[in-house]
Amino acid sequence: MERKKRVVIGLSGGIDSAISCYLLKNKGYEVIGLFMRNWDSFLNNDFLGNKTSFDDQCPQEKDYEDAKDVAKFFGIELHRVDFVKEYWDDVFSYLIEEYKKGRTPNPDIFCNKYIKFAKFADFAFNKLNADYIATGHYAKTKDCKLYKAFDDTKDQSYFLAQLSNKQLEKVIFPLDSITKKEVRLIANKLGLSIANKKDSTGICFIGERKFTEFLENYIPSKPGNIIDIATNKVVGKHIGAMYYTIGQRKGLNLGGYALPYFVVGHNLKDRILYVANERNKEYLLSNSLVAINTNFLETNFDKNNLTAKFRYRQKDIKIDLEILDNNKVLIKYDYLEAITPGQQVVVYEKDKVILGAIIDKVFYDGKEKTYI
C-alpha cells in the first residue's frame with residue numbers, strides 16, 4: 001500500500017490553522033503539527049508598550065496550550081521549535097533598522113520569507129520528513145505560482161509576495177477556496193475549544209503592542225518639533241520622528257486647531273516631524289514610485305492588465321509597470337495618499353501575483369518627495 005503523503009502544518013493555536021489541519025486530514029494526508037516560538041519578551045527587552053509583560057502566562061504559551069488542544073482533538077503529533085534568535089536576526093533587526101531610517105517596514109512579509117517558509121520549512125523537511133508543508137494563510141498556489149484566495153476579504157497573498165517559486169513548490173494552503181465565515185462554522189460544528197477565539201493581531205509573532213512605546217525599547221527617544229509643512233510653523237512637539245508613519249492621524253497630540261493634522265514626512269537629522277491638514281493634502285499625494293528588492297513570481301504577463309496593492313486590504317489599483325536595472329521597478333498610478341517607503345507593493349495580473357517589491361522612493365508629478 002502506498003504510504004500517505006506527510007504534511008507538516010504550522011499550528012499556531014488559532015482557528016485558521018486548526019481548520020486547515022481538519023481539511024488536510026479529510027483529504028487523506030498524514031498530518032503532523034509544528035508550533036513555532038519566535039519571540040521572548042524578557043530576552044528581547046520587550047517591556048515598554050507590552051501590557052502582558054507580567055501576566056502569569058504569556059500569550060505565546062496560551063497559544064501553545066491551544067495548539068496542543070487542537071492536536072489532541074484531531075489525534076495528531078505536535079512538535080515545538082524555537083526560532084527566537086533567527087526571528088531577531090532575520091526579521092526584527094531589519095524592522096528596527098528601517099524605523100531608524102524613517103521608513104515603515106512590514107515584518108509579516110519577512111517573517112514569511114525567512115521564518116515560516118524557510119526555517120520552519122527546513123525543520124519540517126529535514127527533521128520531520130515532510131512531503132509538504134501547510135499553513136493557515138488565505139492564499140492559493142498552483143505550479144509554484146501564487147494567487148489570491150477565494151475569500152477576497154481575507155486574502156493574504158500580499159504578505160507572501162516575497163516568497164520564491166522554489167519556496168512555493170511544496171506548500172499547501174488548505175484555505176485557498178474557503179471563506180472565513182465557513183471556517184468559523186466548521187470550527188463550531190466540530191466543537192473546537194477555540195471556535196470563537198479572536199484572530200491574532202499586531203506584529204507577527206509578537207502580538208499587540210502600544211507601538212510607539214514598544215519602539216522605545218529599541219530606538220532611543222529623540223524629541224523635536226512638529227512643523228506644519230505648508231506654513232513652516234511649529235505646531236507641537238514629538239518624542240521621536242521615526243516613531244510616526246506617513247498618513248498617521250492619531251497620537252500626534254495636536255489639539256486646538258481648526259482642522260486635524262496628519263503626518264506627511266520627517267527630517268530625522270534635524271528631528272522634525274512634518275504635518276499637514278486637509279487644506280494641504282497634496283503633501284500626502286503621489287503618482288509614481290521606485291521599488292527595490294523586486295521578487296518576480298511570474299515573468300510572463302500582460303503589461304496592460306496589471307494592478308497593485310500598496311498596503312494590505314487596499315483595493316487593487318490599475319498601474320503601469322516599467323522594469324529598471326538593479327532589481328528595481330518603476331510603478332505609475334493615479335494620485336494616491338500615503339504611499340510609504342519601506343512598505344511593500346504587490347503587483348497582480350487578475351488573481352495572480354506577478355511581483356513583490358519594497359517601496360524606496362515616491363514621486364509627485366516626477367519630483368521625488370524627499371521629506372518622506
Side-chain angles (χ1 to χ4, degrees), residues 46-51 53 95-108 201-203 206-287 289 310-315 317 333-345 359-365 367-372:
D46 174 17
F47 299 106
L48 294 176
N50 183 359
K51 64 182 180 181
S53 291
L95 179 144
I96 295 303
E97 289 306 310
E98 286 289 274
Y99 270 102
K100 285 180 179 178
K101 297 173 186 175
R103 295 157 68 95
T104 306
N106 193 316
D108 296 70
T201 57
I203 309 167
I206 298 176
E208 292 186 33
R209 295 293 186 271
K210 293 182 179 179
F211 199 66
T212 297
E213 293 177 31
F214 174 72
L215 287 179
E216 287 185 74
N217 289 309
Y218 312 102
I219 307 175
S221 174
K222 295 181 179 180
N225 290 327
I226 301 177
I227 292 180
D228 184 322
I229 195 168
T231 65
N232 206 35
K233 291 182 179 179
V234 175
V235 294
K237 300 286 185 180
H238 65 78
I239 62 170
M242 75 290 291
Y243 299 148
Y244 300 86
T245 189
I246 305 304
Q248 182 174 333
R249 296 170 185 267
K250 296 181 179 180
L252 298 176
N253 297 318
L254 296 178
Y257 292 97
L259 295 172
Y261 279 106
F262 45 82
V263 175
V264 296
H266 22 50
N267 179 335
L268 298 186
K269 179 176 177 292
D270 295 327
R271 302 185 179 184
I272 296 171
L273 183 68
Y274 290 113
V275 296
N277 59 36
E278 295 292 330
R279 291 196 188 99
N280 300 292
K281 291 189 76 171
E282 69 271 15
Y283 288 100
L284 208 56
L285 293 174
S286 67
N287 58 352
L289 62 84
F310 304 89
R311 64 182 67 87
Y312 180 50
R313 293 190 186 280
Q314 182 188 43
K315 180 181 176 182
I317 304 297
Y333 44 89
D334 285 340
Y335 296 100
L336 293 173
E337 294 183 7
I339 302 301
T340 307
Q343 288 281 295
Q344 178 172 241
V345 55
I359 299 169
D360 185 47
K361 296 179 180 180
V362 180
F363 301 85
Y364 181 83
D365 288 347
K367 184 177 180 180
E368 183 182 353
K369 303 185 75 169
T370 56
Y371 52 83
I372 66 170

- Message: Between Tyr371 (side chain only) and Ile229 (backbone N and O only), is there a donor and an acceptor less than 3.5 Å apart?
- Response: no
- Can you check whether Asp108 reaches Tyr312 side chain to side chain, under 4.5 Å on heavy atoms? no
- Message: With heavy-atom distances below 4.5 Å as the criterion, would you say the side chains of Arg209 and Asp46 are in contact?
- Response: yes
- Note on the structure: Rounded to the nearest 0.5 angstrom, the CG-CG distance for Leu259 and Leu254 is 12.5 Å
- Atom CG of Asp365 with >12 non-hydrogen neighbours under 6.0 angstrom: yes
- Item | Stepwise side-chain contact (heavy atoms from CB on, under 4.5 Å) test for Ile219 and Tyr243 | CA-CA 9 Å; Ile219 307 175; Tyr243 299 148; 4.2 Å; yes
- Item | Side chains of Phe310 and Leu289 in contact at under 4.5 Å (non-hydrogen atoms) | yes
- Query: To the nearest 0.5 Å, what is the distance between CD1 (Ile359) and CD (Gln344)?
  - Reply: 8.5 Å
- Message: Just so I know, are the side chains of Ile246 and Thr104 near enough to count as touching, which here means a heavy-atom distance under 4.5 Å?
- Response: no
- Query: Judged by modelled atom types alone, do Thr212 and Tyr244 share a side-chain donor-acceptor pair under 3.5 Å?
  - Reply: no
- Message: Could you tell me if the side chain of Asn225 sits less than 4.5 Å from the side chain of Lys237, heavy atoms only?
- Response: yes
- Task: Without swapping roles, check the side chain of Lys369 against the backbone of Tyr283 for a donor-acceptor pair under 3.5 Å.
- Result: yes
- Task: Check whether any side-chain heavy atom of Glu216 lies under 4.5 Å from a side-chain heavy atom of Leu48, and answer yes or no.
- Result: yes
- Quick one: pull up CZ in Arg103 and OG1 in Thr245 and give me the separation to the nearest 0.5 Å. 11.5 Å
- Do the side chains of Ile96 and Leu215 get nearer than 4.5 Å, heavy atoms only? yes
- Task: Hey, can you tell me if Tyr335 and Tyr364 have their rings parallel, tilted or perpendicular (30° and 60° cut-offs)?
- Result: tilted
- Task: Mark yes or no for whether Tyr261, through its side chain, and Ile226, through its backbone, hold a donor-acceptor pair below 3.5 Å.
- Result: no
- Message: Let's go through Lys367 and Glu282 carefully: what are the C-alpha distance in whole Å and the side-chain angles of both, what is the deciding distance for salt bridge (Lys or Arg N to Asp or Glu O under 4.0 Å) to 0.1 Å, and is it a yes or a no?
- Response: CA-CA 13 Å; Lys367 184 177 180 180; Glu282 69 271 15; over 6 Å; no
- Min side-chain heavy-atom separation Leu95-Tyr218 under 4.5 Å: no
- Item | Working for side-chain contact (heavy atoms from CB on, under 4.5 Å), residues His238 and Leu273 | CA-CA 7 Å; His238 65 78; Leu273 183 68; 3.6 Å; yes
- Query: What are the two closest non-hydrogen atoms of Pro105 and Tyr99, and how far apart are they?
  - Reply: CD-CE1, 3.5 Å
- To the nearest 0.5 Å, what is the distance between CG (Asn232) and CD1 (Ile227)? 5.5 Å
- Note on the structure: Closest heavy-atom pair, Ala338 versus Gly247, reported as atoms and distance to 0.1 Å, is CB-CA, 4.1 Å
- Does Phe214 offer a backbone N or O that forms a donor-acceptor pair with the side chain of Asn217 under 3.5 Å? yes
- Task: Could you grab the distance from atom CZ of Arg311 to atom CG of Leu336, nearest 0.5 Å is fine?
- Result: 8.0 Å
- Message: Quick check for you: to the nearest 0.5 Å, what is the distance between Ile339 atom CD1 and Leu284 atom CG?
- Response: 9.0 Å
- Message: How about CG on Asp270, more than 12 heavy atoms from neighbouring residues, nucleotides or ligands closer than 6.0 Å, or not?
- Response: yes
